[in-house]
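Have a look at the structure below, then the notes.
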2 protein chains.
Amino acid sequence: MQNSFTEENYLKIIHALSGREGQEVSTNALAESTSTRAASVTDMLRKLADKGLIHYKKYQGVRLTETGEKVAINVIRKHRLWEVFLVEKLGFGWDEVHDIAEEMEHIPSDELVERLDAFLGHPRFDPHGDPIPDAKGNLTEPDYLILTDVSLGEKVLMMGVLDHAPSFLQHLDRSGITLGCVIEITEINEYDKSASVRINGSHSLFISLEVSKNLLVQRR
Amino acid sequence: MQNSFTEENYLKIIHALSGREGQEVSTNALAESTSTRAASVTDMLRKLADKGLIHYKKYQGVRLTETGEKVAINVIRKHRLWEVFLVEKLGFGWDEVHDIAEEMEHIPSDELVERLDAFLGHPRFDPHGDPIPDAKGNLTEPDYLILTDVSLGEKVLMMGVLDHAPSFLQHLDRSGITLGCVIEITEINEYDKSASVRINGSHSLFISLEVSKNLLVQRR
DNA sequence: AAAAAAATTTAGATTAACCTAAAAATATAT
DNA sequence: ATATATTTTTAGGTTAATCTAAATTTTTTT
Ligand SMILES: [Mn+2]
Ligand SMILES: [Mn+2]
Ligand SMILES: [Mn+2]
Ligand SMILES: [Mn+2]
């Protein structure tokens, strides 16, 4: 028995919301993320539990089972590989690919995924800097810093984004902030935590706390 | 209002069954092709008619409207472009791609199709020799011959297949019959219409009527 | 430890896409 | 021109995924 489009989406979202420690995810959090009502979530949770994809006890929240985790990670693998394809091969912008990948991630065919992976040269990260699980289902989240945790004067590498919204990504494009660029913090305003930064040692610009909060970076 | 996966499949099948002249398609023919029951087809026809995608009068069979035709051809365009991608870029065999393309054809995004088309170099034909509709929705079926219509001694080019089943395509692979190869008819057996042919002027082989019936060819 | 608030589940509907069985329309054969 | 057969439609259900409203459980506050 195959998992439906909808079931796969639930698993992927449970994976995302339960975070690194695999914490319990609440019905309401899922209703929010799936844009459905809590009652609909409860129905689906019962179904996923019956299929052995989640651990579920009424009123207690849910966690993925080993099987559920495997399915979720495979969907994530496909999503991120297709995003690489769309950007690297078809020339889409990183702000344009998420919704398309959201559809492509559900195409079933292990052979397809493996061939796509090879065609793309076994990429390790997607266009947003998110790690791509390997064929065996290993997904290691690199431990990046958020730019707000970086001190005045430090130089860091831009490694990823927390907000994947097109509007945010387009804002970064306009600011000249791209994956891999060097960000040096030249000023921090105590009042609102806004900052001035220098990009790749050349142009300077002002960024708000909202932007800093959504930038993943790494010390060099 | 978007068309569902299922609706798109119906339109594509109606297009295929109504042929060049856009003849009426019967409920039973659709039930057969969709692997559903006639009663289910009737339900769907009412819906497609309400959406203005088909002309439908009870007991009279159906034809596509202009709009329905556009949708059908766009699905066919996507199907065939993805098949080219799978064969040319991912290295799949022509016998392996149909089912995958059957899923990919429903991914909605005009931008995606146009970029894919450009990435593939605007191919005119898919891996089975079927013509790919252009971006404006023009689809011109070349008028090929069926190999059974070719006389003894003639040399023709292999241009396509009527049967797209993996088993048939694999049989052609084993026989060394590929798209574009030269087929010379060296013998026809009156009894069962089987034939001996020479491929690319080199190796000879015996082919049954069943095979000849499914090969599209062109005089040079 | 009650009471109030919040979260979750249950009950009962709805819609899309299917089904079977029965009725009606059309086509074919005598 | 009837009778028979075939095709198609209608009637009435089912399942997956959703919904609203009501009931229940858990959490938080007083
Ligand atoms: Mn994405
Ligand atoms: Mn991504
Ligand atoms: Mn095909
Ligand atoms: Mn094809």
Side-chain angles (χ1 to χ4, degrees), chain A residues 1-14 17-19 23-64 67-68 71-72 75 102-103 105-108, chain B residues 1-15 17-19 23-64 68 71-72 75 102-103 105-108:
Chain A
M1 43 207 89
Q2 273 260 112
N3 303 306
S4 74
F5 197 104
T6 311
E7 288 165 347
E8 287 190 350
N9 280 334
Y10 267 84
L11 296 175
K12 199 177 51 152
I13 291 170
I14 294 168
L17 294 180
S18 66
Q23 298 154 58
E24 249 88 49
V25 177
S26 77
T27 300
N28 268 354
L30 284 168
E32 168 86 43
S33 289
T34 54
S35 303
T36 61
R37 300 310 186 135
S40 311
V41 172
T42 301
D43 284 349
M44 181 57 79
L45 295 184
R46 232 183 50 81
K47 186 163 38 139
L48 292 173
D50 288 349
K51 291 181 90 174
L53 296 165
I54 59 173
H55 296 291
Y56 173 54
K57 259 178 281 169
K58 284 203 278 189
Y59 296 99
Q60 310 291 244
V62 290
R63 279 178 307 107
L64 295 175
T67 322
V71 176
V75 176
E102 208 60 34
E103 306 279 334
E105 73 190 5
H106 302 290
I107 291 163
Chain B
M1 44 206 89
Q2 274 259 112
N3 304 304
S4 74
F5 198 103
T6 311
E7 287 166 346
E8 286 190 350
N9 280 333
Y10 267 84
L11 295 175
K12 199 179 49 154
I13 291 170
I14 294 168
H15 177 92
L17 295 179
S18 67
Q23 298 154 57
E24 250 87 50
V25 178
S26 76
T27 299
N28 267 354
L30 284 168
E32 168 86 44
S33 288
T34 55
S35 303
T36 61
R37 301 310 185 131
S40 310
V41 173
T42 301
D43 284 349
M44 181 57 79
L45 295 184
R46 234 183 50 81
K47 186 166 35 143
L48 292 174
D50 287 349
K51 291 181 91 173
L53 296 165
I54 59 172
H55 296 291
Y56 172 54
K57 258 177 283 170
K58 283 202 279 189
Y59 296 100
Q60 310 291 246
V62 289
R63 278 177 307 107
L64 295 175
V71 175
V75 176
E102 208 61 34
E103 307 278 334
E105 73 189 5
H106 302 291
I107 291 163

> Just wondering, more than 12 heavy atoms not from Gln23(B) lying within 6.0 Å of its CD?
Replying inline: yes
> Which of the following nucleotides, dA7(C), dT8(D), dC19(C), is nearest to the side chain of Asn28(A)?
Replying inline: dA7(C)
>> If I take atom CG in residue Leu30(A) and atom C1' in nucleotide dT18(D), what distance separates them, rounded to the nearest angstrom?
In response: 15 Å
> In whole angstroms, how far is the C1' atom of dA16(D) from the CZ atom of Phe5(B)?
Replying inline: 16 Å
> Think Thr42(B) has a side-chain N or O under 4.0 angstrom from the OP1 or OP2 of dT9(D)?
Replying inline: yes
> What's the CE-P distance between Met44(B) and dC19(C), to the nearest Å?
Replying inline: 11 Å
> Out of dT20(D), dT18(D), dT9(D), which has the shortest distance to the side chain of Thr6(A)?
Replying inline: dT18(D)
> Taking CD from Glu24(A) and P from dT8(C), how many angstroms apart are they, rounded to a whole number?
Replying inline: 12 Å
> Does the side-chain contact (heavy atoms from CB on, under 4.5 Å) test come out yes or no for Glu105(B) and Asn9(B), once each step is laid out?
Replying inline: CA-CA 10 Å; Glu105(B) 73 189 5; Asn9(B) 280 333; 3.3 Å; yes
>> Side chain of Thr36(B) only, heavy atoms from C-beta on: which candidate in dT18(D), dC19(C), dT8(C) is closest?
In response: dC19(C)
> Choosing from dT18(D), dC19(C), dT9(D), which nucleotide comes nearest the side chain of Arg37(B)?
Replying inline: dC19(C)
> How many Å lie between CZ on Arg46(A) and P on dA16(D), as a whole number?
Replying inline: 11 Å
> Quick one: does Leu30(B)'s side chain get under 4.5 Å of Val62(B)'s, heavy atoms only?
Replying inline: yes
> Heavy-atom contacts under 4.0 Å between residues 54-62 of chain B and DNA chain D, which residues?
Replying inline: Tyr56(B), Lys58(B), Tyr59(B)
> What is the distance, rounded to the nearest whole Å, between atom CG of Asp43(B) and atom P of dT8(D)?
Replying inline: 15 Å
> For Leu11(A) and Ile54(A), what are the C-alpha separation, side-chain angles and deciding distance, and is it a side-chain contact (heavy atoms from CB on, under 4.5 Å)?
Replying inline: CA-CA 8 Å; Leu11(A) 296 175; Ile54(A) 59 173; 4.1 Å; yes
> Quick one: is dT7(D) close enough that its OP1 or OP2 comes under 4.0 Å of any side-chain N or O from Ser26(B)?
Replying inline: no
> Ser4(B) side chain N/O closer than 4.0 Å to the phosphate oxygens (OP1, OP2) of dA16(C)?
Replying inline: no
>> Please tell me if Ser40(B) has a side-chain N or O lying less than 4.0 Å from either OP1 or OP2 of dC19(C).
In response: yes
> Taking all non-hydrogen atoms of both residues, which atom of Thr42(A) and which atom of Tyr56(A) are closest, and how far apart?
Replying inline: CG2-OH, 3.7 Å
> Over how many whole Å does the gap from Asn9(A) atom CG to dA16(D) atom C1' extend?
Replying inline: 15 Å
> Between Glu7(A) and Met44(A), which heavy-atom pair has the shortest distance, and what is it?
Replying inline: CG-SD, 4.0 Å
>> Does this structure show an ion pair linking Glu24(A) with Lys57(A), if we count only N-O contacts that are shorter than 4.0 Å?
In response: no
